[in-house]
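Below is one structure, written out as structure tokens; comments come after it.
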Amino acid sequence: MNLFAIFADHVRDAVRQLGTEGVLPDGLDVARVVVEPPRDASHGDLATNAAMVLAKDARMKPRDLADKLAEKLGAVAGVARVDVAGPGFINIALDLAYWPRVLAATLASGADFGRSALGTAAKVNVEYVSANPTGPMHVGHCRGAVFGDALANLLAFAGYDVTREYYINDAGAQVDVLARSAYLRYREVLGEAITIPEGLYPGDYLVPVGKALVVKYANTLLDKPEADWLPLVRAVAIDAMMGMIRTDLAALNIRFDTYFSERTLHARSGGNASIIDRLLDDMRARDLVYQGSLPPPKGAPVEDWEDREQTLFRATGFGDEIDRPLVKSDGTYTYFAADIAYHKDKFDRGFKQMIDVWGADHGGYIKRMQAAVKAATAGEGSLDVEICQLVRLLRNGEPVKMSKRSGTFVTLRDVVDEVGVDPVRFMMLYRKNDAVLDFDLAKVIEQSRDNPVFYVQYAHARASSILRNAQEAFPDMPQDPAAFAAADLARLDDEGEIGLVKLIAAYPRLIEQAAGAREPHRVAFYLYDLASALHGQWSRGKDRPHLRFIIEDDRNLTYARLALVHAVALIIASGLSILGVDAPKEMR
RNA sequence: GCACCCGUAGCUCAGCUGGAUAGAGCGCUGCCCUCCGAAGGCAGAGGUCGCACGUUCGAAUCGUGCCGGGUGCGCCA
């Protein structure tokens, strides 16, 4: 149950009633009406802006309209008090008896509490990572990977039919560079002394690829011209790199539903037109493509600039600043052309909603890609692009030195091995994705309050510990959700307990808001608050023993409190699973 | 030069798609362990929300212009 959604319905009902009574005009637009928690808890449990939003259309003063609405809302079951405050806020305080019902509903839905139908089971494609298959993943890829994965989890929980997709850039010049680099290692394995020239990949992760080539082809590739060996070597190398990347992703608990190869878009088997060929034909037919030339860029001068005519997409017609080239001077397609075909393919596979997760360095490509999706799908498809900012890797506040030239960049695997999956995932999500993130290797393994990963996990462990202790004190007490839901929850009348129930009641709304904004970090911050409230209530029991969760001589009260603890643990586990973080039953 | 992102407490950051007296952690000051896990809790001090106009009942949030930081800017992916 979503308390705020329920009361939003009540508010709309009240508006409708006032309409039929002639107090308000019929058919007022209630789209901007929201019911939300008041900023200050002393104002009540729920607040709505309805009177202020509707005042103009109703041609009434906000406060007068608020009084009318308040009268109706006061009659709703469970409402203890309705106040009008400030410029026309309507504050609603709920009867104390309301909260046990919320808690009972929570326990009844168990791990599904908070699950939403917001997405109406619509198909959404979330594309993320899409790292080039030219080497192991480094820390720079990590944030996008974790963010994309958590976003996919969040959307699935919010009722979308989510597909997780990885685009393999296996068609460009970079994989040819990879192949040449691997070929050198192959010769090295066959006994040749090699030097790796500037521009090729120096990393020793290609040595095993060289060995694999020897196993597969013996020395038969040595005498062939490049045109012959390159496709063979490239195929083996790409397979090997994708294997590494999948292993790295597995270390982060990330899996994909679909790996999509760029190469398939270019393929012209048996002389047939490729997918890109057909797309461009289609776009030409619809006058979205033309031959023309572009003005030279204004900023940093391009050294070998030459004015020439090229094949351009009319991006300016769809919100971009400049038309964009689709064909290179050597006649092959640009990356952009392939990417349009790729997104059109997603659309053709049934995804009207597409989400791409990109690194900050691709921010400049958002407009053209959105323009292309709009054009290629005739306005029926939509593309959201979420940008992940840089991660600065630190150790005790000092930047960790990385040098690509010497090949000593920090791999994703290094970081996961050093600090563990949970801290990596949580910290990557404990910041807005479009803000730069400092990741301190030393701090994220600290077990203290200023490490939110630990703090939240500890709350879950503590809750589990309470339930274990209760098992000893009351061995015959069944600890399952159904039994907890049947407890005498009205015994929970301490303000700290009610506060916890209120936080629990906010979870479904939080999920919908986070999903709508595509912001999984909100889940992380919510969990921190919930953990804090549990720790707080625990400590109150230290000063006042009657507030402890386990009261040896009051079985009913203990049972009600255990139900609360169980619900909190349930939600922490739920939220952590969205973030892809483990919810431990004890800390070590 | 242009586009996009960021600017909130000494530091690191939230701020619920425009709401009421702007919050948290760290750091600082002072408390709480014979007691369910102190790996925790409580209280205090600390702010011109980069600056200036504008939009309206109401702006940290939206618009415009500056200032400062980041990213990117035909035929790379």
Side-chain angles (χ1 to χ4, degrees), chain A residues 32 34 36-40 43 47 49 52-53 55-56 61-63 85-89 91 130 132 134 169 171-175 262 293-300 302 304-308 310 312 320-330 332 334-336 338-339 359-367 387 389-390 430-432 434-438 440 443 446-452 454-455 457-459 461-462 465-466 468-470 473 506 509-510 513-514 516-517 519 521-522 525-526 528-529 532 535-543 545 548-552 586-587:
Chain A
R32 290 173 59 217
V34 295
E36 57 189 359
R39 179 160 303 223
D40 190 331
H43 292 141
N49 61 354
M52 292 174 290
V53 171
K56 190 178 274 179
K61 289 181 185 167
R63 299 255 342 180
F89 279 102
N91 292 320
S130 299
N132 290 335
T134 55
N169 302 136
Q174 291 180 10
V175 284
E262 182 187 356
S293 57
L294 291 172
K298 285 277 196 294
V302 181
D304 55 348
W305 172 264
E306 52 172 315
D307 192 19
R308 68 176 191 85
Q310 48 190 345
L312 297 169
D320 200 0
E321 284 104 29
I322 197 167
D323 292 338
R324 303 291 180 178
L326 300 172
V327 181
K328 297 192 241 177
S329 56
D330 66 359
T332 62
T334 60
Y335 181 84
F336 182 51
D339 220 2
D361 53 342
H362 289 64
Y365 291 77
I366 296 176
K367 280 187 182 175
I387 290 294
Q389 272 294 344
L390 302 176
Y430 200 62
R431 194 111 311 173
K432 264 187 311 207
D434 53 6
V436 194
L437 168 74
D438 286 344
D440 195 309
K443 281 187 183 160
E446 250 174 48
Q447 300 202 337
S448 68
R449 165 137 208 186
D450 59 323
N451 182 353
F454 162 76
Y455 188 72
Q457 287 187 318
Y458 178 39
R462 178 171 259 175
S465 166
I466 293 166
R468 276 196 303 274
N469 288 331
R509 178 172 183 268
L510 172 99
Q513 303 246 319
E519 290 185 344
H521 77 271
R522 293 194 197 188
F525 280 95
Y526 168 84
Y528 187 89
D529 287 345
S532 177
H535 288 312
Q537 187 62 12
W538 166 277
S539 294
R540 296 180 74 216
K542 288 201 162 296
D543 296 335
R548 288 178 197 170
F549 293 108
I550 299 170
I551 306 293
E552 304 275 349
E586 57 186 333
M587 306 296 280

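Chain letters run A, B, ... following the sequence lines, proteins first, then strands; residues in each count from 1. Please read these numbers as outputs of a predicted model, since none were measured by experiment.
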Within the 4.5 Å heavy-atom criterion, are A:R308 and A:S329 side-chain neighbours or not?
yes
Rounded to whole Å, how long is the line connecting atom CG of A:D529 with atom C1' of B:G15?
11 Å
Lys/Arg-Asp/Glu bridge criterion (N-O < 4.0 Å) met for A:E321, A:K367:
yes
Nearest whole Å is fine: how far is B:G15 C1' from A:E36 CD?
12 Å
Nucleotide-resolved protein contact map, nucleotides 4-14 of chain B, B/S/- at heavy-atom distance under 4.0 Å
SSS-----SSS
Between B:G70 and B:C33, how far apart are the two C1' atoms, rounded to whole Å?
48 Å
For B:C33, does the O4'-C1'-N9-C4 or O4'-C1'-N1-C2 angle fall within 90° of 0, making it syn, or is it anti?
syn
Quick one, A:L437 and A:L390 - any side-chain contact, counting heavy atoms below 4.5 Å?
no
Under a 3.5 Å limit for both distances, which nucleotide forms a Watson-Crick or G-U wobble pair with B:U71, could you say?
B:A3
Spacing of A:R32 atom CZ relative to B:U56 atom P, expressed in whole Å:
13 Å
Using 0.5 Å steps for rounding, measure from the CH2 atom of A:W538 to the CD1 atom of A:I466.
5.0 Å
Once you apply a heavy-atom cut-off of 4.0 Å, does A:P325 come out as touching a base, just sugar-phosphate, or nothing?
sugar-phosphate
For B:C76, the Watson-Crick or wobble partner whose two distances fall under 3.5 Å:
none
For A:A47, answer base if it contacts any base atom (sugar-phosphate contacts may also be present), sugar-phosphate if it contacts only those atoms, and nothing otherwise; contact means non-hydrogen atoms under 4.0 Å.
base
How does protein reach along nucleotides 32-42 of chain B, written 5' to 3' as B (base within reach of a heavy atom under 4.0 Å), S (only sugar-phosphate), or - (no contact)?
S--BBBSBSS-
Side chains of A:Y526 and A:R522: donor-acceptor distance under 3.5 Å anywhere?
no
How do A:K56 and A:E306 order along RNA chain B: which one's closest nucleotide is nearer the 5' end?
A:K56
Evaluate side-chain hydrogen bond (donor to acceptor under 3.5 Å, both in side chains) for A:N169 paired with A:Y335, printing each intermediate quantity in order.
CA-CA 9 Å; A:N169 302 136; A:Y335 181 84; 3.2 Å; yes
Under a 3.5 Å cut-off for both distances, is B:C35 Watson-Crick or wobble paired, and to whom?
none
Comparing A:L294 with A:P38, nearest RNA chain B nucleotide closer to 5' gives the residue A:P38
Between B:G68 and B:A60 - P atom distance, rounded Å
24 Å
Are the ring of A:H43 and the base ring of B:A20 both nearer than 5.5 Å at their centres and tilted by less than 30°?
yes
When the aromatic ring centroids of A:F89 and A:H43 are compared, is their separation below 6.0 Å?
no
Using Watson-Crick geometry (N1-N3 plus N6-O4 or O6-N4) or G-U wobble (N1-O2, O6-N3), each under 3.5 Å, B:C42 is paired with B:G30
Interatomic distance where CZ belongs to A:R63 and P belongs to B:G19 [whole Å]
19 Å
Distance in angstrom units between A:L312 CG and B:C75 P, rounded
11 Å
Measure the distance from CG on A:D330 to P on B:G74 and round it to the nearest whole Å.
18 Å
Parallel under 30°, tilted from 30 to 60°, perpendicular over 60°: which one fits the rings of A:H521 and A:F525?
perpendicular
Provide the distance between the two C1' atoms, one in B:U56 and one in B:C67, to the nearest whole Å.
27 Å
dist A:I387:CD1 -> A:Y365:OH (nearest 0.5 Å) comes out at 12.0 Å
Side-chain donor-acceptor contact under 3.5 Å, A:Q389 with A:D434
no
Apply side-chain hydrogen bond (donor to acceptor under 3.5 Å, both in side chains) to A:T332 and A:D330, showing your working.
CA-CA 6 Å; A:T332 62; A:D330 66 359; 2.7 Å; yes
Counterpart base for B:C66, defined by Watson-Crick or G-U wobble contacts under 3.5 Å
B:G50
Rounded to the nearest Å, what distance is computed from the CG atom of residue A:D361 to the P atom of nucleotide B:C76?
17 Å
What form does the base of B:U34 take, syn (within 90° of 0) or anti?
anti
Using the P atom as the reference point in each nucleotide, state the distance between B:G10 and B:U17 in Å, no decimals.
28 Å
Between B:G46 and B:U29, how far is it from one P atom to the other, in whole Å?
16 Å
Can you tell me how far P of B:A20 sits from CG of A:N49, to the nearest Å?
12 Å
Given the P atoms of B:C62 and B:G15, what is the spacing between them in whole Å?
12 Å
How would you label the contact of A:A360 with the nucleic acid (heavy atoms, under 4.0 Å): base, sugar-phosphate, or nothing?
sugar-phosphate
Measure the spacing between CD of A:Q174 and OG1 of A:T134 and express it to the nearest 0.5 Å.
6.0 Å
Distance between C1' atoms of B:C66 and B:G7 (Å, rounded):
14 Å
Say you pick atom P in B:U64 and the same atom in B:C4; how far apart are they, in whole Å?
9 Å
Watson-Crick or G-U wobble partner of B:G58, both distances under 3.5 Å
none
Mind checking A:G88 for me? I need base, sugar-phosphate or nothing, with any heavy atom below 4.0 Å counting as a touch.
nothing
